[in-house]
Visitor: 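I'd like to ask you about the structure that follows.
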Amino acid sequence: MKKTLPIIIATLLFPYLAFSQTNSVKGIIADNSSNVKLQNATISILNAKDSTLYKFTRATQEGNFNFNQLKNGNFILLVTYPEYADFVNIFSLDSANKAIDFKVIDMKTKAKLLNEVIIKGQAAALKIKGDTTEFNAAAYNIKPNDRAEDLIKQFPGIQVDAQGKITAQGKTVEKVLVDGEEFFGDDPTLVTKNLRADMVDKVQLFEKASDQAAFTGVDDGEKKQTLNILLKEDKKQGFFGKLEAGYGNNDFYALQGMFNKFKGKEKIAAYGTSSNTGKTGLGWEDASKYGASSNMTMSDDGGMMFFMSGDNMFENDSYYGEGLPRAHNGGLHYENKWNKDKESINTNYKAGAFNIRTNKNTVIQNNLPNNIFNSNNNNNSESNNFRQKLDATYQINIDSTSNVKVIIDGTLSNSDKDDFYSSESRRADNSLLNNSNRTTTGNQNQTSFNVNATYMKKLKKAGRNYSLNISNSLNQTKSDGYLKATNNFFDANENATRTDITDQLRDNDILSNNLRANITYNEPLSKVLTLTANYGITLNNNKADKKTYDASAPNVYNNLNTEFSNNFHSDQLTNQVGAVFSYKKAKTNLSFGTKASFINFDQTEVYSNQKFNRNFMNWLPQASYQYRFSAQKSLSLRYNGSNTQPTVNQLQPVRNNDDPLNIPEGNPDLKPAFNNRLNLNFNSYKVLTSENIYMGLSFGFTNNQIVSNNNTSTEGITIYRSVNMENKIPTYYSGWGGYSRKIKALGNINVGLQVNFNANTNYNYVNNALNTTTSQSYSPSLNLSKHNDKLSIQVNFGPSYNAQEASLQKQISNKGWGRNGGLYSTFKLPKKIGVEVNGNYTYTPKSAAFNTAFEQTIINAALTKAFYKEESLKIKLSANDILNENSGFRRFASANTITQSNSNNISRYFLFSLIWDFSKMGGSTTTKK
């Protein structure tokens, strides 16, 4: 023991002894000519061998910096500061030279360099400028004909998936700008998949604040993870583009073309696509670029909205892998700046035609207090949609203190849809309960126009400013169609008891006009505290004329059915006032306040002469706290309270007999529900190791939640009525978290672990019995990725647990462990050959509710051969769903039902494509063959 004690002591003391002997570098950053210390200057230590980043820090308020615990080796000291030339110095650390003091580093402005010469250094791969991370394209490997996406994949902390969706430092990138401007309405992949990598100078990563927050300097919490691609000056003149044509077995085809012309600050672009392979556009965010409004609802702040369904090719009839689509899309883009950049315009025109044929089977378990009804439904539909959209944004900086921004957009669309539906419902003993056959056909035309104008003005006192916003939205939809249905009902012995036949024509005309004005005023109460006050007024006028005609003779529809016809007019006046206090000091951001909406709502139903008047107030409290440990590490907590107003359908429903087996019924006594939402987020990213830690928790509960009170008859007809849940409080919680970092020992593979979980408890009434539905899901996964000039690969795999249980029938729940995995990889081989393989694996287990399991493996692959030095010409052979297992599958729970659906999807095909990239930018040409 006496001999081992000194060894133990020495072992315990070794880290401290070693620490005391570690290498160090220090100094002061200053501009001696003006006697100024350069606070927050970026000081980086690079490995001299390959110029990769080893350590970095920022200068203190006194300009000091200090590095400790440095390893031995040869290094480069790089100091950067805005408007100053980079300072570069090569140094070494070893046993004889362990502590280096650069003393005062005298930085020189770029203007002074006109007559001076300084040491040149190698380009740094990455710089930190405040809250912005800037990547230098020159420091990364770029192959001929690479796209911006191929460059971005190499940046530390950034991942790009198979669809082109970008995740940076654990957050989804929502905007990709080109020289600070939106491109084709800010569709990220439209930029990254088509912009040539050799045109890129720098790429900046930051959280973009809203226009008002950027102008006023008051953080309103509205931020989006953004990439800004800065082009090389010599690449802002010329044109580039891409043409692709592919054809395969079973008449599958894919066509795509894009042309871009840049002339300084003027940018002109056009694109077009046509395919039946499931490619409905150029980017993963296309859906958000097309909005349509079918029912009228009131938003949390009392605003009324009409949602017009059936014609939106990217939403209601969208393609998410379900059905067989055929899509044709095209667009034009123009942007420019003039008058010394004081004025700018950004405009887009898009047009699209979309056809989809769907064959879908749905199995529904309907849990009742003393029984179970199981229904098997088949749906065959075909829809055609054509949509045009034009938008323009004009901005003028009147002077240094004020600007005006005007946004205008208009949409025209028309659609038609044929839908055939058949169903069969059975009791728990498998006896036939009812069956139904229904056909609906319809045409719809929609027009929408929106204008939004904002004026922002800074006043003399720093931080004091105001903004005025005026907007108007006009939407109209006209539709007509036929409903033909036959419903048969049976007793317990499967004897027919009655038959209902419906043959009707429906004619609808819906018009909504919304005019809103809002003024916001910011007043700095101190250096760290700001008051934001606002007042808004909204006028909303709506007309909904829905007529249903019964047939008096075959194909003669002239008898108005008053039960299913409505003609109501509504007028709504909303006054909203609010005040929010914002505290910002050093690393702490805190805001708290509330808004209140006073709403007067009048509605008249013409046919029945019913009048419905309501006056109510919505209360919208909010509070948030954020602490930024550093530019890449933060903790935030946010609370929001909001009201959910009953929809018009819930209060005074527009009777809808689309499905005679499911009938809505209104409840004029409904009260607003109050929602409480609490969110906690933590994010940490370390540039040197690409280490990323993120986690979040969300919790919510609702008072007076509006729930369904369903009454199902012995014939299987369900009447839906909404009520307030007063004795129970529905709750939900969810969480997510992940850890990833680059492991050098494994060849710089990025390894990550992540987990997502959520659970909720909801209530509803079924035949006057309280039903409690609980739902849980857990999905941990392991993620591996590696990107270089020869290889790009991403792999993820993990188990998943899902459980849905209704208290009325606990013994027949849906629970079990499943599995999910994904692969996306590209390989560059000699002779300009490229290989791409991606796939997805899904396993869903059987359960008490469903006695069959589901397993599916989707594998897609492509082989590419490039020609010419610039690789401007390619031939490509691609294979979709090689195992021929693509089948639409979904299983979910809602209220007292559990549903499972399957649909026809695009199956295996092979496509042969020819791809030609052309470019003439800054004098370089890649169009020759």
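Small disclaimer: the values here were computed from a predicted structure and weren't measured.
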Visitor: Between atom CG of Asn380 and atom NZ of Lys360, what is the distance when rounded to the nearest 0.5 Å?
Guide: 12.0 Å

Visitor: For Thr712, is there any backbone N or O sitting under 3.5 Å from a side-chain donor or acceptor partner on Asn767?
Guide: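 Side chain of Asn767 to backbone of Thr712: a pair is present.
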
Visitor: Is it the case that the side chain of Ser813 and the backbone of Glu805 share a donor-acceptor pair, with hydrogens and angles ignored and the cut-off at 3.5 Å?
Guide: no

Visitor: Applying side-chain contact (heavy atoms from CB on, under 4.5 Å), run through Leu368 and Leu808 and close with a yes or a no.
Guide: CA-CA 6 Å; Leu368 305 176; Leu808 294 179; 5.7 Å; no

Visitor: What's the spacing between Arg819 CZ and Ser781 OG if we round to 0.5 Å?
Guide: 15.0 Å

Visitor: Looking only at side-chain N and O atoms, does Asn764 offer a donor or acceptor that is under 3.5 Å from a partner on Asn771?
Guide: yes

Visitor: I need the minimum non-hydrogen distance between Phe354 and Ala327, along with the two atoms involved.
Guide: CD1-CB, 3.7 Å

Visitor: Out of curiosity, Asn710 CG to Glu665 CD, how far, rounded to the nearest 0.5 Å?
Guide: 11.5 Å

Visitor: For residues Leu670 and Ser722, report the shortest heavy-atom separation together with the two atoms involved.
Guide: CD2-O, 3.4 Å

Visitor: Is there a donor-acceptor contact under 3.5 Å from the side chain of Asn276 to the main chain of Asp251?
Guide: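 Pair found, side chain donor or acceptor close to backbone of Asp251.
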
Visitor: Report yes if some heavy atom in the side chain of Asn367 is under 4.5 Å from a heavy atom in the side chain of Ile372; otherwise report no.
Guide: yes

Visitor: When you compare the side chain of Phe564 with that of Lys546, does any pair of heavy atoms fall below 4.5 Å?
Guide: no

Visitor: Between the side chains of Asn802 and Asn814, does any donor sit under 3.5 Å from an acceptor?
Guide: no

Visitor: Donor-acceptor pair, distance only, cut-off 3.5 Å: does the side chain of Asp545 make one with the backbone of Asp509?
Guide: no

Visitor: Quick one: which of Asn514, Asn513, Asp571 gives a side-chain hydrogen bond (donor to acceptor under 3.5 Å, both in side chains) with Asn541?
Guide: Asp571

Visitor: Evaluate the side-chain contact (heavy atoms from CB on, under 4.5 Å) criterion for residues Thr718 and Tyr720: first the C-alpha distance (whole Å), next the side-chain angles of each, then the deciding distance (0.1 Å), finally the verdict.
Guide: CA-CA 6 Å; Thr718 301; Tyr720 297 89; 3.5 Å; yes

Visitor: Which atom pair, heavy atoms only, marks the closest approach of Trp817 to Pro845?
Guide: O-CG, 3.2 Å

Visitor: Tell me if a side-chain donor or acceptor on Asn724 pairs with a main-chain N or O of Glu726 at a distance below 3.5 Å.
Guide: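 Checked: no pair found.
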
Visitor: With distance as the sole test, does Asp881 use its side chain to make a donor-acceptor pair with the main-chain N or O of Ser907 at under 3.5 Å?
Guide: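 Such a contact is absent between Asp881 side chain and Ser907 backbone.
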
Visitor: Given Ser422 and Asn437, is the side-chain hydrogen bond (donor to acceptor under 3.5 Å, both in side chains) satisfied, shown in steps?
Guide: CA-CA 4 Å; Ser422 64; Asn437 288 283; 4.6 Å; no

Visitor: When you check the side-chain N and O atoms of Thr499 and Asn488, is any donor under 3.5 Å from an acceptor?
Guide: yes

Visitor: With side chains defined as the heavy atoms from C-beta onward, is the minimum distance between Tyr732 and Asn758 less than 4.5 Å?
Guide: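 Not in contact.
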
Visitor: When you measure from the side chain of Asn250 to the backbone of Phe252, do you find a donor-acceptor pair of N or O atoms at a distance under 3.5 Å?
Guide: no

Visitor: I'd like to know whether CG of Asn851 has more than 12 heavy-atom contacts from other residues, nucleotides or ligands below 6.0 angstrom.
Guide: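 Not buried by this count: 12 neighbours or fewer within 6.0 Å.
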
Visitor: For the CD1 atom of Ile599 and the CG atom of Asn643, what is their distance to the nearest 0.5 Å?
Guide: 8.0 Å

Visitor: Among side-chain atoms of Asp418 and Thr441, is any donor-acceptor pair under 3.5 angstrom?
Guide: no

Visitor: I want to check something: taking the side chain as every heavy atom from C-beta on, are Asn414 and Asn384 in contact at a cut-off of under 4.5 Å?
Guide: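 With C-beta onward as the side chain, the pair stays apart.
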
Visitor: Working to the nearest 0.5 Å, report the span between CD of Gln776 and CG of Asn760.
Guide: 9.0 Å

Visitor: With a 3.5 Å distance limit and no angle check, can you tell me whether Arg427 reaches the backbone of Phe373 through a side-chain donor-acceptor pair?
Guide: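 Answer holds: no.
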
Visitor: Please answer whether the main-chain N or O of Asn359 pairs with a side-chain N or O of Asn904 as donor and acceptor at a distance below 3.5 Å.
Guide: yes

Visitor: Answer whether the closest heavy-atom distance between the side chains of Phe674 and Asn704 falls below 4.5 Å.
Guide: no

Visitor: State, yes or no, whether a side-chain contact exists between Gln804 and Thr899 at a heavy-atom distance under 4.5 Å.
Guide: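 No, side chains not in contact.
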
Visitor: How far apart are the closest heavy atoms of Thr548 and Ser565, and which atoms are they?
Guide: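 Shortest heavy-atom separation between Thr548 and Ser565 comes out as N-OG, 2.9 Å.
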
Visitor: Heavy atoms only: give me the nearest Asn434-Phe489 pair and the separation to one decimal.
Guide: CB-CD2, 3.8 Å

Visitor: For Ser375 and Asn366, what are the C-alpha separation, side-chain angles and deciding distance, and is it a side-chain hydrogen bond (donor to acceptor under 3.5 Å, both in side chains)?
Guide: CA-CA 8 Å; Ser375 62; Asn366 194 339; over 6 Å; no

Visitor: Would you say Val723 and Val707 make side-chain contact, with heavy atoms under 4.5 Å?
Guide: yes

Visitor: Do the side chains of Glu885 and Glu855 get nearer than 4.5 Å, heavy atoms only?
Guide: no

Visitor: Decide if atom CG of Asn727 counts as having more than 12 heavy atoms of other residues, nucleotides or ligands within a radius under 6.0 Å.
Guide: no

Visitor: Does Thr411 form a side-chain contact (heavy atoms from CB on, under 4.5 Å) with Gln446? I'd like the steps, not just the answer.
Guide: CA-CA 8 Å; Thr411 302; Gln446 181 188 345; 5.8 Å; no

Visitor: Only one of Asn435, Leu433, Leu432 passes side-chain contact (heavy atoms from CB on, under 4.5 Å) with Arg426; say which it is.
Guide: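 Checked Asn435, Leu433, Leu432 against Arg426; only one passes side-chain contact (heavy atoms from CB on, under 4.5 Å): Leu432.
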
Visitor: Measure from the side-chain N and O atoms of Asn379 to the backbone N and O of Phe420, and report whether any donor-acceptor pair falls under 3.5 Å.
Guide: yes

Visitor: Classify the ring geometry of Tyr778 against Phe757: parallel below 30°, tilted from 30° to 60°, perpendicular beyond 60°.
Guide: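 Rings of Tyr778 and Phe757: parallel, under 30°.
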
Visitor: Kindly give the heavy-atom pair with the smallest separation between Ser431 and Ala492, and that separation in Å.
Guide: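 Result for this residue pair: CB-O, 3.8 Å.
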
Visitor: Would you say Ser552 and Asn559 are linked by a side-chain donor-acceptor pair, where the criterion is simply a distance under 3.5 Å?
Guide: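 Checked: Asn559/Ser552 side chains show no N/O donor-acceptor pair below 3.5 Å.
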
Visitor: Could you grab the distance from atom CZ of Arg908 to atom CG of Asn880, nearest 0.5 Å is fine?
Guide: 10.5 Å

Visitor: Set out, in order, the CA-CA distance, both residues' side-chain angles and the distance that settles side-chain contact (heavy atoms from CB on, under 4.5 Å) for Leu661 and Ser436, then state yes or no.
Guide: CA-CA 9 Å; Leu661 299 180; Ser436 176; 4.1 Å; yes

Visitor: Would Asn361 and Asn378 satisfy side-chain hydrogen bond (donor to acceptor under 3.5 Å, both in side chains), going step by step from the backbone distance to the final call?
Guide: CA-CA 5 Å; Asn361 173 261; Asn378 290 291; 3.0 Å; yes

Visitor: Under 3.5 Å, is there a donor-acceptor pair linking the side chains of Asp550 and Asn561?
Guide: yes

